[in-house]
Amino acid sequence: MTKVFKSVERVLALEAQQGYQDKAVVGGIRQFAAHWVGQAREETLDEADAALVEQIAEVLSEYGRMPGREARAKAIGSLIASLERRAKRVEKASGGQTAVAAPPLHETPRPTAKTAPPKAQPAEKEIAVQTAVVESKRRPEPPAPKPVPVAVTPDPAGLAQPVSALKGVGPKIAEKLEKLGITTINDLLYLYPRRYDDYTLMKPISKIEVGEQVTVIGTIWQTTARRVRGNATLVQSVISDGTGTIQATWFNQPWLAKQLPAGLQLVLSGKVDQFLGRPVFNSPDWEPLDLDPLRTRRIVPIYPLTEGLAGNRLRELMQKTVEYWSLRVSDPLPEEIRTRQNLLTLPQALQQIHFPESQDMLFEARRRLAFDELFLLQLGMQGQRRQWQSQDAMAVTSTAEQLQQFRDALPFALTAAQERVIQEILHDMAQQVPMNRLLQGDVGAGKTAVAAAAMVMTAQAGNQAALMAPTEILAEQHFRGLSTMLAPMELDIALLVGSTPAAEKSRIYDGLADGSIQIVVGTHALIQDPVNFRGLALAVIDEQHRFGVEQRGALREKGGTEEAESNPHLLVMSATPIPRTLALSLYGDLDLSILDEMPPGRQEIKTRWLQASERERAYTFVRRQVAEGRQAFIIFPLVEESEKIDAKAAVEEFEVLRKEVFPDLSLGLVHGRLRAEEKESAMRAFYEGETDILVATSVIEVGVDVPNSTVMVIEGANRFGLAQLHQFRGRVGRGEHQSYCVLIAGEGSEEAEQRLLALEQTNDGFVLAEKDLEMRGPGEFFGRRQSGLPELQLASLLDMPLLETAQKEAVQVFAADPDLQAPAHEQLRARIANFWQESGDVS
Ligand code: ADP
Ligand code: MG
C-alpha cells in the first residue's frame, strides 16, 4: 500500500527536478496517472488513502493542460505535501517504530481563513486539496530540504555489539566484514566508501552523451537473454523514456532476465558506452523506480570490495545500518567547537559520508570527520607531552670550558647552525623537565657532532648517555667516530650491538650498571633486559623514523637511577626533512631544532638518470673515478634484506661485477645476511680505502660516512622511494671532491620516473620531502608503522588549514582542562584512549 504512493512520489519529485516539463515519465504524466490510479485502486485502501488517490488522479489528469510552469509547480507541490502528511499519519499510527521521529515542524495544517471548516466525510477530498494548496504557498519549491533528524538517545552499548546483531548479517557476512577489519556495528559505521559514483546527472535518453555518468528513467520495452561464445550469458534490455531508447547489456547475470520484464519502470545509472556509433549501457546499475534510490539517481558510495560480499549487498546493509545507528552515536566533539567551526553533527556527517545528498554535503561530511581525526591526534600529542614531562629528569649542567674542550677535540669548526642547536639542547638539559626534542637536518648536515656535544656534556656531569642507531653498521660507525673525536677527553665509550661477543656484552652490562661506562652506542641491543644504567640522563635516537614507538619508549624507560626513577632527556634525530608546520603538527609533543646549514665546502652532487641499456657508461665512469683515487658504491634494490633469496641475488650480482666488469679492481660486498664480522671487515676495508667499490644492498642506506667515496650508482632506482634514494645519495659528497649519483632504471611507473626526475633536479632534502609528501601522502611518507601515528582515514596531513584549526582547538581544550575532566570532555577522553590504543606511546 505504501509502495504505490512511493512510486508516484518519485515521479512527482523527478518532475519537479526536471522543471515541470511533463517529461518525468514516458508518455507524460497524464498517461502515468491513468495507469497509476488503476493500480492504486486495486489496493485495499483506508478512507484517507482512497481520498488521496482520487486527489492525485484529479490533479494529474489535468497536469498536461496546465498553462505554465507556475501552475504545474503549485499542483505538484500540493500533492507532495499531501503525500508527506500521509507518511506522517502512517508513521504515527504504527507507533513511531521508525528510527527517525518526524519533526514537529509542519504537523497538522493550521486552519487559515481560506480553509473551509471540515464538513462531512464526502467532502474530505476537497479539504485535502485546499489545504495542500495553502501549504504549497508556504513551501513552493519541492523537493524541500530534508528536516534535521531529532536527536535520539545515544546507545554506545548497542553500537559495540558485533555486526552479527544486525538483521541480515549471518556468520558468513560477519566473517567477510572481519576481513575488512570490521567487528562491531560501530566499526561498520566507520567503513567509509572508497569512492563514489555520481549519478545525480539525470537526462532524457535523447540527450545523453557517450562517456558521461548519467541516470535515465524509463520503461523496459523488451528483455532478451542469450548464450554467447564461451558459455557466457548476455541479458539485453531496450529501455525507452519517450524521448528515445537505449540498450543496456549485462554479462553473466542470467537471473536478470526475470527481474527485468517488459513494462517495468526502472532507473538506470552508469557510464555511457558506445556500440556501433550509438550510446549504450554496459552493466549499468539499476533499480525499480518505486524503490528508495540506493545505487542510482544519487551519489552512490562504492565500498572496499571483499570477495564474496557484493557491492550491492554491502550497500544495502550500510543503508540500513547508517539510517538507524548513525543517530545513536554520541558526538564527542564539544558543541561549542562544533558550532564555532561550523561542522556537521556526527550523525549528519556519518549519514552524508555514506549516502551524500550532494557533493557539497559530501565535502562537509569529510571535513567534519577529518577534523575529528586531526583534533584527536593533536589532543593525544598534548597528552603525551604532558605525561612525559610529569616525571622529572636529571638536570645536566655544563660549563663553557667543557664545551670549549669539546670544540677543541673536533677536527673541524662547528657551523653556526650546529652551535645554535647545541645551545638549544644544553639549555633544555639543564632543566629538571625532561627534554623532548627533535633534531632535523638534511643528510650530511652534521647531526652526529651535535649529539656528541650533548653526550659529552652529560658524561662530564657524571651521568650516562646512550645513542641508539637502527643498524649495526651505523652504530659501529658512530662508535668509531665518537671514539676518535673524543679521544682526548678520556671518556669510557662502549659499543653494544647484537653481535657483540657474550663476554664483551657482560663486561658492558657491568660497566653500565656501575657507571664506569659513560657513553654507550648501540642498536636494539641497548633496550634489552640485561641493560641497566647507573644513571641514564640522555637518550639519543639516530634516524628515528627507523624505530618503532615501542623501541623509543623502551629506551626512555631505562632512564634515571636505581634510587630515583626519572625520565632521560630525549633527543631524536631525523634526516627526513619535513616542512616546519607539518613537523609541529606531527610531532606536537616535541620541540624542534633544525640544522639548516651544511658544513662548508660541500658540493652539489651531480645526479644523472640512465636507462638500463646505458649501464656501461656508468661502469666506465666508476672506473675513471677509481683511477683518480676515489671510491664508489653500487647499490642493488634488494629491499627485503631478511630474505635469503635476495642475499643470494646480491652475491650473484657481486660475482658478475667482480669477475667480469671490474676484474682489475678490488670489490667488497655488504648485505643483511652476512655475519657481523664479515660485514664489519667489508666496511672497514672500504673505510680504509682497501676496496675501491662497495657493492651493497639497502643496509647501507642510512648514515654511512666515507668521505673519499664520490660515486653512488643505484641499480633499479625506480624501486626505491624518494627519501631512500636521497639517503643513498647522501653517502657521497661528504668530502672535498666533486661527487656523483647515477640512477639506473629501465621502464618504470610514471611515479617512479617523477621521483628520478626530482632527484636529478635538486639536492635539497626539504624540497624532495615536499615532493615526496605530495606524491605519496603522509601515511606512506612516514611509514605507518614507524611513524607511530594513528591511522588517519580521511584527514590528510597536507590539509594545513584544517590541521591548524584542529591544533588550535586542541591546544585550547587542553589548556583549559588538561585531564579532560569536564563533563563536556568526557567522551573525548574515551575517544583518545581508543584512538591511540594501537600506537601506544608516541615520539
Ligand atoms: P648527518 O647529519 O647526515 O648525520 P653526519 O653527522 O654524519 O651527518 O656528518 C656528515 C659529515 O660531515 C661527517 O663526515 C662529519 O664529520 C662532517 N661534519 C660535521 N660537521 C662538520 C663541520 N662543522 N664542518 C665540517 N665537517 C663536518
Ligand atoms: Mg647521521
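Every value quoted in this text rests on a predicted model; they were computed, and no experiment measured them. Residue indices begin at 1 and follow the sequence shown. Just so you know, ligand 1 is whichever comes first in the structure, and atom 1 is the first atom listed for that ligand.
Residue contacts with ligand 1 for R734 involve side-chain atoms from C-beta outward but no N, CA, C or O (heavy atoms, distance under 4.0 Å). Heavy atoms of Q418 found under 4.0 angstrom from ligand 1 belong exclusively to the side chain.
Applying the salt bridge (Lys or Arg N to Asp or Glu O under 4.0 Å) definition to pairs two or more places apart or across chains, none involves residues 624-637.
Screening I744, L722, I714, L743 against L756 for a side chain to side chain contact (heavy atoms under 4.5 Å, CB included) leaves a single residue, L743.
Not one N or O of L414 is nearer than 3.5 Å to an N or O of ligand 1, by distance alone. Looking at G446 next to ligand 1, an N or O pair under 3.5 Å apart turns up.
Ion pair R407/E419 flagged as a salt bridge, since at least one NZ, NE, NH1 or NH2 atom sits closer than 4.0 Å to an Asp/Glu carboxylate oxygen. Salt-bridge formation is detected for the pair E715/R615: a Lys NZ or Arg NE/NH1/NH2 atom is positioned less than 4.0 Å from an Asp or Glu carboxylate oxygen. Checked for salt-bridge contact, D542 and K447 miss the test: no charged N lies under 4.0 Å from a carboxylate O.
To the nearest 0.5 angstrom, Q418 atom CD is 9.5 Å from L439 atom CG.
Short contacts between ligand 1 and A413, defined as distances under 4.0 Å to a heavy atom of the residue, involve ligand atoms 22 (C), 23 (N), 24 (N). Below 4.0 Å from some heavy atom of P599 lie the following atoms of ligand 1, by number and element: 20 (N), 21 (C), 22 (C), 24 (N), 25 (C), 26 (N), 27 (C). Near D705, with a cut-off below 4.0 Å to any heavy atom, the atoms of ligand 1 are 13 (C), 14 (O). Taking every non-hydrogen atom of T448 and a distance limit under 4.0 Å, the qualifying atoms of ligand 1 come out as 4 (O), 5 (P), 6 (O), 7 (O). Close approach to T415 involves these atoms of ligand 1, each under 4.0 Å from a residue heavy atom: 23 (N).
No more than 12 heavy atoms of other residues, nucleotides or ligands shown are found within 6.0 angstrom of CD on E736.
Ligand 1 has at least one atom lying under 4.0 Å from a heavy atom of G444. Residue A445 places a heavy atom less than 4.0 Å from ligand 1.
Shown here are the side chain to side chain contact (heavy atoms under 4.5 Å, CB included) partners of A685, two or more places apart in sequence or in another chain: E690, T691.
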